[in-house]
Structures are given as structure tokens and as C-alpha cells.
Amino acid sequence: MRLSQFYLPLMKETPADAQIASHRLMLRAGMIRQEGAGIYAWLPLGFRVLKKIEQIVREEQNRAGAVEMLMPTIQQAELWRESGRYDAYGNEMLRIEDRGGRAMLFGPTNEEMITEILRAGAKSYKDLPKLLYHIQWKFRDEVRPRFGVMRGREFLMKDCYSFDIDETAARHSYNKMFAAYLRTFARMGLKAIPMRADTGPIGGDLSHEFIILADTGESAVFCDKQLIELAIPSKDTDFDGDLQPIFDRFTAHYAATDEMHDEKEFETSVDEKNQIAARGIEVGHIFFFGTKYSTPMKATVAGSDGKDIPIQMGSYGVGVSRLVGGLIEAYHDDDGCKWPMAVAPFHVGLINLKTGDAETEEACSKIYRALSVAGVEVLYDETKARPGEKFARMDLIGLPYQIVIGPRGLKDGKAEVKQRLDGEKSEVAIDDVAAHIAGLVHAALEYE
Ligand code: P5A
């Protein structure tokens, strides 16, 4: 992509209410634009990161055996009256009336709708188990939308729902999502720790929040340091096999959010040197709530003896849009973002130091084409801006590699390469630079 054709409206001054780094950087780097309280437009650069995150989430859901679908954002109040949540959900629900006076709402979550969908199609115990998910916008009229996309009112969530015949089978579904989440966040470069959590308006009594540690996080959390170093289940994990050992390994150490925290247990079960009392960002939350929805909504299947059995359910959420902010909190410095390769909006930034100079332009075009052919995503700065401005802009948007081409280097047959993550610079022969960088990019995109 040529920068002159892209839309990258950088901001010099950020609004005073942008209190945390990720919010400021997303505005400054032209990733989002605020369109209302807690409502954001995703500008091209931010949109690319959002889509990368979404795709990793999708791949890991599919690997775990979940099946993708898409439910609407607008729901009928009637469904929520069936479960009893229409009134219980309170002011966080955005209620709408259509022209016929029917009560509608913008979905804050989809337990009711998916239960209605499954109840219509699954009749026998042979139709279970099922794991269904979608990636769809939600609306919650939060009291205090803040920190940009971190706590928005409109936000993108992946929500998966499990349907099982009994509690043992439901636990297996829970474990599938538990393991899939460990993989999902690790692939993005995040250490997300599963913690015992409160279930709030979703319900049930088994629940884990996946938390990344960050000083700017909204949750107070307590855990054992050893959790940070545990090995993540690998690509060849058999999701139909026994996943209990994975669950057991990650729940053997103390980890709880504020609401579930037991100070006494924490102090007695965790070595003092391993005690972490910190703040964190909730990037995912999984729930097992049994028949909380299936009983009132009469979602049953016929068992092998012909008797009706209420379906055992769970739900599993990932904050896809929140993760964009969460990733910046984990990966930035004073100059800007430092994207891990897997979620970077482009893999490489190519800087032409002397736009208008025929030789420099030809060298850049050649590298640009070679990288594109090799499947590398390049943002090519061929604008007329001053070099200083180009460097600052590239640092701000934080692409993992920068290739800098100017007449001086060209004379020696050299390109300068900078790695954004550690700031390390090196010189590479101009004829080799495309292949060299393509190799590094492809290696960084590989995962376990
Ligand atoms: C699980 C899936 C649920 O809604 N129902 C379907 C269950 N869980 S949850 O914890 O309430 O939300 C799941 C994840 O969504 C993100 N999230 C938000 N992101 C941005 N702004 C918000 N206001 C917001 N609220 C929730 C979180 O990452 C949460 O873990």
C-alpha cells in the first residue's frame, strides 16, 4: 500500500479524556475516530489490526471444533422476556421500538437468541454436542465508557455457546474453550492468565476471566507468578481428547479477580516471592451456567429413553475490539505502538528518504514489488514529507520492520533496516533486503 493512497489522519493533540497510552496512541496514529460516547469508527489502520485479531480468534475457535455463524445485532425483547433477563439486564440494555411499536433491543450478548436457534433445530441427544460462535458487534450502555475501545458502548465480541447433554460433556466444552483461549492470546503475543471470576448478569457458578496484566487495567487481580511461565497447549492439541490436564495445570495455582479474591487463601497458598497483586485487563470471559437459559426457554432434547432433558449450556466471550487497546498497552513506548508481527497492521514500513530522486524511487519500487510478491504487507511512504516526519510517523504506527532507502545508502549499495520492537538497526545489501525481510516476516508469523 502506498501511503499517499492510504488514509492515515494522524492527530497531534489528543483530547484530555484520553487518559491511557492505548487510547492516546489509537487516536494519534489515526486508528479510530470517536463518533459518540463509547462509539468509534475504525479508520483503515485500526481496522487492519481489528481484522488480524478477529482472524486469530476465528482460527483458534475453528481448531477447537467450534462452528462459525452470524446472528443479528437487533433482537426481539420477547426472547429476553422468556429467559427473564429483559428487566433484569437494566439500564445497560439499549432498548428500541420499531414502527409497529414492538420492543426491540441492540444485543449486549446472545445467550437467548442462540438458545432459541438451537431449540428449533436440535431434537434428540444425538444432535448434541454443539459449539457455535459468531463475531458480532454488541452494544452495552455502560455507565462510564472510557479508555477508548477498552470500555466502549459499541464493541466487537466473539461469543461462543456450548450445548451438551450432561454436565460432564459440558465440562469438556468448557475445557475446549479454556485451551483455545490460552492459544488465542498467546498467538497475539499476550500472556493471558485465567482467573476465577464473578459471573455477573450472565450467570452460573463456574467462570474464568482471562486477564493480561497492565497497570492501566480496570480489574484488581491476584495470582501466582508461576502462572505466567506455564507452557501453552500446542497446535497439535487434540481437542476431542482429554483436556482436563490442561485445565488442571492452569488452575493449580492461585488466580482470582477482586470479587473472588480470598486474601487468606492467597497468602497461605502462594509463596511470598510469587505473590502478584496487580491490575489487569479482561480480554476474555468464559461461563458454565447449566440450564439457566434452557429451562425457562424450554430448550430440551429427547434422551435415549425418550424423556426430555434440558440442555447444559456455557458461553465464551473474547473482547475483540478491546484487544486492540490491550495489545497497545502491552506493546508501546513513548514514540508509539510496537506491534507484534501477528497483529501488525502492515508487516513492514518502507521509507523513501528522497521522493523525486529517480534512483531512490526505482530502488524503493523494486523492493516494494518484491516484498508484495513474497506476501509481505508493506506500507510504502513515498510522500513528500521531510525524513524526520517520516521516521516519527513510522515509529508512531509501530510496524515491526522499517526499511529506509536514501541516496547516501544507495551509493554504498545499502538499505537500513530497523526493528521497531527493540530499536535495533542494521545495514543490508540493497539487492538482498527484500528477501532478507520477507524471511524474517515469515519466520515471525510462524507459531507453535
Ligand atoms: C460470554 C459470551 C459475555 O457477554 N456472553 C457471551 C458472555 N461475557 S462478558 O464478560 O460480559 O463479555 C465478554 C468479553 O467482552 C469484552 N467486553 C467489552 N469490550 C469492550 N467494551 C466493553 N464495554 C466490553 N464489555 C465486555 C471483554 O473482553 C469481556 O471479557
Side-chain angles (χ1 to χ4, degrees), residues 20 22-23 26 32 34 36-40 42 50 53-54 57 61 66 69 71 73 75 80 83 85 89-94 106-115 131-163 173-174 177-178 180-181 184-185 188 190 192-204 206-212 214 217-219 221 257 259-260 280-289 292-293 313-327 329:
I20 62 171
S22 59
H23 189 191
M26 287 183 78
I32 50 168
Q34 184 167 3
I39 301 175
Y40 293 88
W42 291 81
L50 189 69
I53 293 172
E54 185 182 311
V57 171
Q61 288 292 292
M69 58 182 291
M71 290 178 268
T73 53
Q75 307 187 19
W80 288 65
S83 72
R85 270 209 300 185
Y89 214 91
N91 286 334
E92 274 202 9
M93 182 184 276
L94 180 64
F106 196 119
T109 176
N110 285 64
E111 278 81 6
E112 283 78 358
M113 189 179 281
I114 194 78
T115 304
L131 262 177
L132 301 170
Y133 76 97
H134 73 162
I135 302 173
Q136 178 63 292
W137 292 90
K138 306 287 187 283
F139 195 95
R140 293 183 184 173
D141 202 349
E142 302 273 353
V143 196
R144 282 187 70 195
R146 57 184 186 153
F147 301 155
V149 300
M150 214 67 108
R151 179 164 297 280
R153 291 201 297 169
E154 193 180 51
F155 61 97
L156 189 60
M157 189 200 287
K158 181 287 299 182
D159 36 329
C160 181
Y161 303 88
S162 63
F163 302 88
S173 296
Y174 190 90
M177 286 298 122
F178 189 96
Y181 277 30
T184 302
F185 301 122
M188 296 172 195
L190 295 174
I193 305 168
M195 304 201 183
R196 287 205 305 261
D198 188 26
T199 58
I202 306 293
L206 172 64
S207 157
H208 288 87
E209 279 181 16
F210 286 73
I211 302 269
I212 55 173
E218 286 193 281
S219 326
V221 297
T257 60
E259 300 87 8
M260 304 298 276
I281 301 167
E282 175 199 332
V283 288
H285 198 163
I286 61 177
F287 304 81
F288 170 65
F289 41 68
K292 174 177 170 179
Y293 299 90
M313 290 177 56
S315 73
Y316 314 89
V318 170
V320 176
S321 50
R322 173 178 289 182
L323 273 163
V324 182
L327 276 155
E329 289 300 322

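Ligands are counted one by one from 1 in listed order, and the atoms in each one are counted from 1 as well. Starting from 1, each residue takes its place in the sequence as its number. Only heavy atoms go into these numbers, but all of them, side chains included; no hydrogens, no water, no symmetry mates.
- You'll find the side chain of C160 reaches within 4.5 Å of the side chain of Q61, heavy atoms only.
- Checked against side-chain hydrogen bond (donor to acceptor under 3.5 Å, both in side chains), R146 has the following partners two or more places apart in sequence or in another chain: E218.
- Aromatic ring centres of F287 and Y161: separated by at least 6.0 Å.
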| request: Carefully, step by step, assess R140 and Y89 under the rule side chain to side chain contact (heavy atoms under 4.5 Å, CB included). | output: CA-CA 10 Å; R140 293 183 184 173; Y89 214 91; 3.5 Å; yes
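- Under the 6.0 Å cut-off for aromatic ring centres, Y174 and F288 do not qualify, their centroids lying 6.0 Å or more apart.
- Sorted by chain then number, the residues whose non-hydrogen atoms approach ligand 1 to under 4.0 Å are T109, E111, R140, E142, V149, M150, R151, G152, F155, M157, D159, Y161, I202, E282, V283, G284, H285, F287, S315, Y316, G317, G319, R322.
- Taking 4.5 Å as the limit, some side-chain heavy atom of E142 sits within range of a side-chain heavy atom of E92.
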